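Okay, so here's the structure we're looking at.
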Amino acid sequence: MLLAISGGSDSVVLAHLLKAAGYKFSLAHCNFQLRGKDSDTDENFCKALSKKLGVKLYTKHFDTQAYCIANKATIQVAARNLRYQWFNELLKEHDYAYLLTAHNANDVVETIFINLLRGTGIKGIKGISEKAEQLIRPLLNFTKEEIESYAKKKEIQFRLDQSNLEDKYERNFLRLNVIPLLKKINPNLEETFTKNAGNFKEESEIVKDYLEQRSMDLLTQTPGLIFINKKKLKREKYIKSVLHYIVCGYGFNETQEKNILKNIITDALPGKTFTSGTHQLTIDRNDLIIKPLLKEVFSDEIYSTFEDLENQKTFIVQTLKKFVIPEKNELILQKDHLVFPLILRKKQTGDRFKPFGMKGFKLLSDFLKDEKANSVEKENCLVLVNGNAEIIWVIGRRSDDRYKVDQNKKVFLKLSLIE
């Protein structure tokens, strides 16, 4: 196991308990370089502790202030991100089974209050979990007072972080000013909140199961795309919670969720698009469509010769000796209809073609509208263009009537789109 060690009473007591119980473990100490000599003294204390206990110690110095500036993060967020990123690296590099932290019952109370102030709902007020994947918090049922009383009884030395006595940080303000007042009403505040956290955790699982069932009824998926049925979503009794449950995992923030919800409820015109750090959500006529943001932009494919066409990786090219009716993602051609170079590209404004079975020409945009293509399908529509600039095939939808084949011919080409 790997134990995150700060030098404070909680993590030092946990280290002694692990040693006394005979567990195999190592220590990991973060020096955030925020408190001058005190930060270095904490590190030296942890080095001495590791020697005393006979266990390995990893240390790392972080330029926390630089991280805050570069990522526009608070000190607390920066420290959390930096330490857990490093801890995860150590877990993988050295194959540790678990990461242990020394959070206690007081941390549960403070976390619940912080989450209440931020409006995180039932997910936030269930507090801190004792176990989450590789992370274990063995001291959650013990108060700070119990831990320090144990340290005093066993004559265990530890470091006191003077910054914990300042109330400029949110957690410290609650710890030093708010919670002591509440304990005058309920001296067993930590015990009460630990019990409440357990109840909230169970109730949150019930809510999660309900939301999962509702989302399964609303969602359909194709490779790379998620569709949320607008009509069904609008009928949901708890539409706000259901929508949040679905889209929050794709990085959309609270303001975006409110605007998406407003658009659905008011039946606003389709086409509105929202972008998170990883995904794009488009409000279409019938669905909300979520797709990942692609780092690569589609580049035109040019086939200068028939050999190029045979060797490309978008289509399977076959020669047939008799005519067959093509499937949706297939095209039957006559080789003598092709004028090289052929180009596979995205649709462009003003594209027009003669849809198979029709007498006249049609704008591709109008054709896709008639086909009830959604916004994402329109955006990703590809066309195969002949060397004479005529569209041969709107990929996966319709061929051009000018390129219909003579079924009495003896040789045909079949292009099959590779999914």
Side-chain angles (χ1 to χ4, degrees), residues 220-225 227 270 282 284-287 289 291 294 296-419:
T220 56
Q221 296 189 50
T222 61
L225 295 176
F227 299 87
T282 302
D284 204 57
R285 288 190 302 273
N286 301 315
D287 301 283
I289 306 169
K291 69 172 185 176
L294 300 179
E296 297 182 4
V297 178
F298 179 83
S299 299
D300 293 355
E301 294 183 14
I302 301 174
Y303 316 128
S304 299
T305 64
F306 185 74
E307 185 178 0
D308 289 343
L309 181 63
E310 287 183 305
N311 292 332
Q312 49 70 47
K313 297 181 180 180
T314 303
F315 308 103
I316 296 172
V317 181
Q318 297 172 284
T319 301
L320 305 179
K321 293 186 177 181
K322 68 175 183 177
F323 176 80
V324 295
I325 298 175
E327 300 289 339
K328 179 179 179 182
N329 287 326
E330 296 176 347
L331 175 68
I332 303 297
L333 281 170
Q334 289 176 205
K335 187 176 179 180
D336 58 3
H337 282 171
L338 299 180
V339 179
F340 291 94
L342 305 179
I343 300 176
L344 178 69
R345 62 166 172 80
K346 278 197 168 186
K347 74 175 185 67
Q348 298 174 355
T349 302
D351 274 343
R352 57 198 297 271
F353 78 122
K354 191 175 182 182
F356 184 84
M358 292 184 63
K359 294 181 179 180
F361 285 86
K362 196 162 196 172
L363 284 172
L364 179 53
S365 57
D366 290 339
F367 169 77
L368 292 173
K369 184 177 180 181
D370 292 343
E371 287 276 295
K372 300 189 184 304
N374 61 51
S375 304
V376 175
E377 290 169 334
K378 290 176 183 176
E379 180 186 347
N380 295 328
C381 178
L382 297 177
V383 292
L384 182 65
V385 182
N386 212 0
N388 58 9
E390 295 177 349
I391 291 176
I392 300 174
W393 187 23
V394 178
I395 305 299
R397 290 188 178 274
R398 191 80 65 87
S399 61
D400 191 293
D401 195 73
R402 291 169 290 181
Y403 293 90
K404 63 184 177 184
V405 299
D406 180 353
Q407 297 185 20
N408 295 318
K409 293 282 185 178
K410 295 183 178 180
V411 179
F412 304 92
L413 287 179
K414 183 170 83 167
L415 302 187
S416 302
L417 180 66
I418 299 173
E419 291 288 354

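Since this is a predicted model, take the numbers as computed values, not measurements.
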Practice problem: Pick out which of Gln334, His337, Glu390 makes a side-chain hydrogen bond (donor to acceptor under 3.5 Å, both in side chains) with Tyr403. | Solution: Glu390

Exercise. Please list, chain by chain and in numerical order, all residues satisfying salt bridge (charged side-chain N to carboxylate O under 4.0 Å, His left out) with Asp401, sequence neighbours excluded.
Key: Lys404

Return the minimal non-hydrogen interatomic distance between [X] and [Y], and the atom names on each side.
X: Leu309; Y: Leu342; result: CD2-CD1, 4.1 Å
X: Pro355; Y: Gly360; result: CD-O, 3.9 Å
X: Ser416; Y: Gln318; result: OG-OE1, 4.0 Å
X: Gly350; Y: Leu363; result: O-CD2, 4.0 Å
X: Gln407; Y: Phe412; result: O-CZ, 3.8 Å

Side chain proximity check, [X] to [Y], heavy atoms < 4.5 angstrom:
X: Glu371; Y: Glu377; answer: no
X: Leu320; Y: Ile332; answer: yes
X: Asn380; Y: Lys291; answer: yes
X: Glu330; Y: Trp393; answer: no

Return yes when atom [atom1] of [X] has more than 12 non-hydrogen atoms of other residues, nucleotides or ligands closer than 6.0 Å, and no otherwise.
X: Glu327; atom1: CD; answer: no
X: Lys346; atom1: NZ; answer: yes
X: Gln221; atom1: CD; answer: yes

Practice problem: For side chain to side chain contact (heavy atoms under 4.5 Å, CB included), just list the numbers for Leu368 and Arg397, CA-CA rounded to whole Å, side-chain angles, deciding distance to a tenth of an Å, and then say yes or no. | Solution: CA-CA 9 Å; Leu368 292 173; Arg397 290 188 178 274; 3.7 Å; yes

Quiz item: Given Glu379 and Thr282, is the side chain to side chain contact (heavy atoms under 4.5 Å, CB included) satisfied, shown in steps?
Solution: CA-CA 11 Å; Glu379 180 186 347; Thr282 302; 5.7 Å; no

Got a second to check how far [X]'s [atom1] is from [Y]'s [atom2], nearest 0.5 Å?
X: Thr305; Y: Leu338; atom1: OG1; atom2: CG; value: 11.5 Å
X: Ile343; Y: Leu382; atom1: CD1; atom2: CG; value: 13.0 Å
X: Lys378; Y: Lys372; atom1: NZ; atom2: NZ; value: 10.5 Å
X: Ile391; Y: Lys354; atom1: CD1; atom2: NZ; value: 14.5 Å
X: Arg352; Y: Asp366; atom1: CZ; atom2: CG; value: 11.0 Å
X: Lys409; Y: Asp336; atom1: NZ; atom2: CG; value: 5.5 Å

Exercise. Kindly say whether Asn388 contributes a backbone atom to a donor-acceptor pair with the side chain of Asn386 at under 3.5 angstrom?
Key: no

Quiz prompt | Any donor-acceptor N/O pair, Asp287 side chain to Ile289 backbone, under 3.5 Å | solution = no

Quiz item: Who are the ring pair (Phe, Tyr, Trp, His ring centres under 6.0 Å) partners of Tyr303, not counting sequence neighbours?
Solution: none

Quiz item: Do the charged groups of Asp351 and Arg345 touch, with an N to O distance under 4.0 Å?
Solution: yes

Quiz item: Does the pair Leu415 and Leu384 meet the rule for a side chain to side chain contact (heavy atoms under 4.5 Å, CB included), with working shown?
Solution: CA-CA 11 Å; Leu415 302 187; Leu384 182 65; 3.8 Å; yes

Quiz item: Just one of Asn329, Leu344, Ile418, Leu413 clears the side-chain contact (heavy atoms from CB on, under 4.5 Å) bar with Phe315, so which one?
Solution: Leu344

Exercise. Run the numbers on Thr222 and Phe227 for side chain to side chain contact (heavy atoms under 4.5 Å, CB included), then give the verdict.
Key: CA-CA 8 Å; Thr222 61; Phe227 299 87; 3.6 Å; yes

Quiz item: Is there any ring pair (Phe, Tyr, Trp, His ring centres under 6.0 Å) pair reaching into residues 338-359, and which pairs are they, with sequence neighbours excluded?
Solution: Phe353-Phe367

